[in-house]
Protein chains: 2
Amino acid sequence: MSAPLSLAVSTVIFALRPHPGTRRPALWIPLVRRIREPHRGLWALPGGPLAPEEGLAASAARNLRETTRLAPQYLEQLYAFGGPDRSPEEAQRTVSVVYWALVRPEEAEAGADGVNVRWFVADELPDLAFDHSLIVEYALWRLRNKVEYSRIAAAFLGETFTLAELRAVHEAVLQRSLDPANFRRQMEASGRLVATEGFRTGGRHRPARLYRHDRSIHLADNGPLTGQ
Amino acid sequence: MSAPLSLAVSTVIFALRPHPGTRRPALWIPLVRRIREPHRGLWALPGGPLAPEEGLAASAARNLRETTRLAPQYLEQLYAFGGPDRSPEEAQRTVSVVYWALVRPEEAEAGADGVNVRWFVADELPDLAFDHSLIVEYALWRLRNKVEYSRIAAAFLGETFTLAELRAVHEAVLQRSLDPANFRRQMEASGRLVATEGFRTGGRHRPARLYRHDRSIHLADNGPLTGQ
DNA sequence: GCAATAGTGTCTATGAGACACTATAGA
DNA sequence: TCTATAGTGTCTCATAGACACTATTGC
């Protein structure tokens with residue numbers, strides 16, 4: 001007897017790629033062009049209805065994979081949006097459970113633009129369908145907060161990386177430069193980094209030690225919900 | 001064509017009342033006894049289906065009011081729980097958007113135990129229906145984190161209060177004692193408190209100044225979602 | 001040698017916490 | 001006068017940030 005109401009799962013997917021203007025690393029997100037009303041022609045977050053036997057996070061991972069051919073390095077629930085005025089009057093009311101995900105640049109390359117998929121610089125988006133502009137804004141806020149007190153930045157990098165590379169991730173996300181000496185000490189003091197025997201050579205300078213992350217520690221502490 | 005799936009909104013409601021053993025302030029939550037299968041007879045979080053024209057937060061506030069006759073001083077979305085195995089096999093699959101709320105003690109008195117409603121000490125709950133034990137654990141974790149970096153503790157107090165009263169709230173939530181001198185300085189330095197002209201007299205000691213909170217500042221900073 | 005980045009040393013400002021001290025009401 | 005709590009002063013320690021300095025590579 002309940003009114004028509006559909007439940008969808010959408011995902012804000014972040015990758016780091018060079019900004020087309022400055023060539024410095026910047027946050028990008030993939031959007032999907034709507035091919036149906038409402039908001040036909042506008043760009044929207046990838047997503048779709050929840051499958052009957054599927055968990056919410058699994059649904060986010062699946063539609064992420066289907067629209068961008070990517071698998072996330074990090075995936076976390078963002079928020080459930082369900083106001084009765086999210087869609088135009090004539091459309092069915094939809095509650096969206098939104099996730100946010102981080103993917104590696106190699107993966108972002110593999111999942112290049114498709115027919116109705118295009119990557120955009122996250123801070124330079126057009127107007128999006130529904131309330132998706134607000135959703136992206138909130139996801140950016142969460143990412144920028146969380147990168148300061150967790151190690152989610154690791155999700156943008158490969159297995160091993162130099163401190164300069166890790167610092168570049170933080171700088172790109174936070175949009176400000178960080179002191180190399182202090183950044184090094186903070187990371188070393190955090191106890192979340194493990195020094196490897198390897199070095200990155202090739203630059204016109206002293207080689208940099210490669211680090212990896214302590215795999216026994218989760219990327220982010222979500223308390224009792226870890227693993228949900 | 002979608003499978004049967006219902007959307008419910010539930011709320012974890014916190015109030016501060018004296019612990020029956022120690023008489024010191026402790027966190028309490030109201031639970032509702034299930035009168036239907038599944039889990040008939042077990043205690044569960046108050047909640048119910050989302051009404052057709054109602055926002056998610058409005059639904060949380062409504063069923064809070066209906067089950068406990070209380071209005072929340074603070075209300076925030078906690079998480080959306082939607083695993084396919086949350087309910088027993090034979091039951092309909094349900095996705096629950098869960099909120100958490102803080103209410104004042106006077107209000108908690110007014111909303112005393114009803115026929116199928118009972119208040120419990122939050123850290124001494126029986127086994128709950130569905131995954132509600134995990135949900136309460138997560139809500140407690142969020143509350144204890146958030147009380148340290150926001151001013152949500154204010155939601156447990158009246159319009160004006162002494163620093164000792166505010167400190168007692170923090171101590172009850174965090175379950176440890178805090179240095180009065182340092183607590184005072186932290187609160188004063190936060191810029192979120194406003195000294196009033198009033199004093200609380202009656203104790204066998206020097207009267208304590210009454211403070212109120214700066215109403216121009218939100219109880220918690222939720223970034224772009226403030227007010228959603 | 002020079003340019004560039006890796007990595008270290010160290011000073012200062014800030015905030016948390018411990019704890020001694022003074023102030024003032026009620027009994 | 002005594003006790004209890006309000007409220008102040010101050011010391012120590014840990015951490016963030018600024019910035020000078022040394023180390024090592026490619027050219």
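So that the names make sense, note that chain A is the first sequence line, chain B the second, and so on, each numbered from 1. Small disclaimer: the values here were computed from a predicted structure and weren't measured.
Atom CD of A:Glu148 is separated from atom C1' of D:dG17 by 14 Å (rounded to the nearest Å). If you measure from atom CZ of A:Phe161 to atom P of C:dA6, you get 14 Å, rounded to the nearest angstrom. One interatomic measurement links the two molecules: CD of A:Glu165 to C1' of C:dA6, which rounds to 13 Å at whole-angstrom precision. At whole-Å resolution of the value, CG in B:Leu178 and C1' in C:dG15 are 16 Å apart. One can place CG of B:Leu210 at 15 Å from C1' of D:dT5, the figure rounded to the nearest angstrom. Distance, A:Leu174 CG to D:dG17 P: 11 Å, rounded to whole Å. In this structure, B:Arg167 atom CZ and C:dG17 atom P are separated by 14 Å, rounded to whole Å.
Salt-bridge formation is detected for the pair A:Asp131/A:Arg86: a Lys NZ or Arg NE/NH1/NH2 atom is positioned less than 4.0 Å from an Asp or Glu carboxylate oxygen. A salt bridge links A:Arg215 with A:Glu159; the closest basic N to acidic carboxylate O contact falls under 4.0 Å. Using a cutoff of 4.0 Å between basic side-chain nitrogens and carboxylate oxygens, B:Glu171 and B:Arg24 are not scored as salt-bridged.
Ring planes of A:His213 and A:Phe161: tilted class, angle from 30 to 60°.
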Identify each atom pair where a protein N or O and an N or O of nucleotides 7-11 of chain D are less than 3.5 Å apart, giving names and distance.
| residue | atom | partner | partner atom | Å |
| --- | --- | --- | --- | --- |
| D:dG7 | OP1 | B:Arg209 | N | 3.0 |
| D:dG7 | OP2 | B:Arg184 | NH2 | 3.0 |
| D:dG7 | O5' | B:Arg184 | NH2 | 3.2 |
| D:dG9 | N7 | B:Arg185 | NH1 | 3.1 |
| D:dG9 | O6 | B:Arg185 | NH2 | 2.8 |
| D:dT10 | O4 | B:Arg185 | NH2 | 3.2 |

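Listed by chain and residue number, B:His39, B:His132 satisfy the ring pair (Phe, Tyr, Trp, His ring centres under 6.0 Å) test with B:Phe130 (two or more places apart in sequence, or in another chain).
Which of C:dG17, D:dT5, C:dA27 sits closest to the side chain of B:His205 comes down to D:dT5.
A donor-acceptor contact closer than 3.5 angstrom links the side chains of A:Asn182 and A:Arg185.
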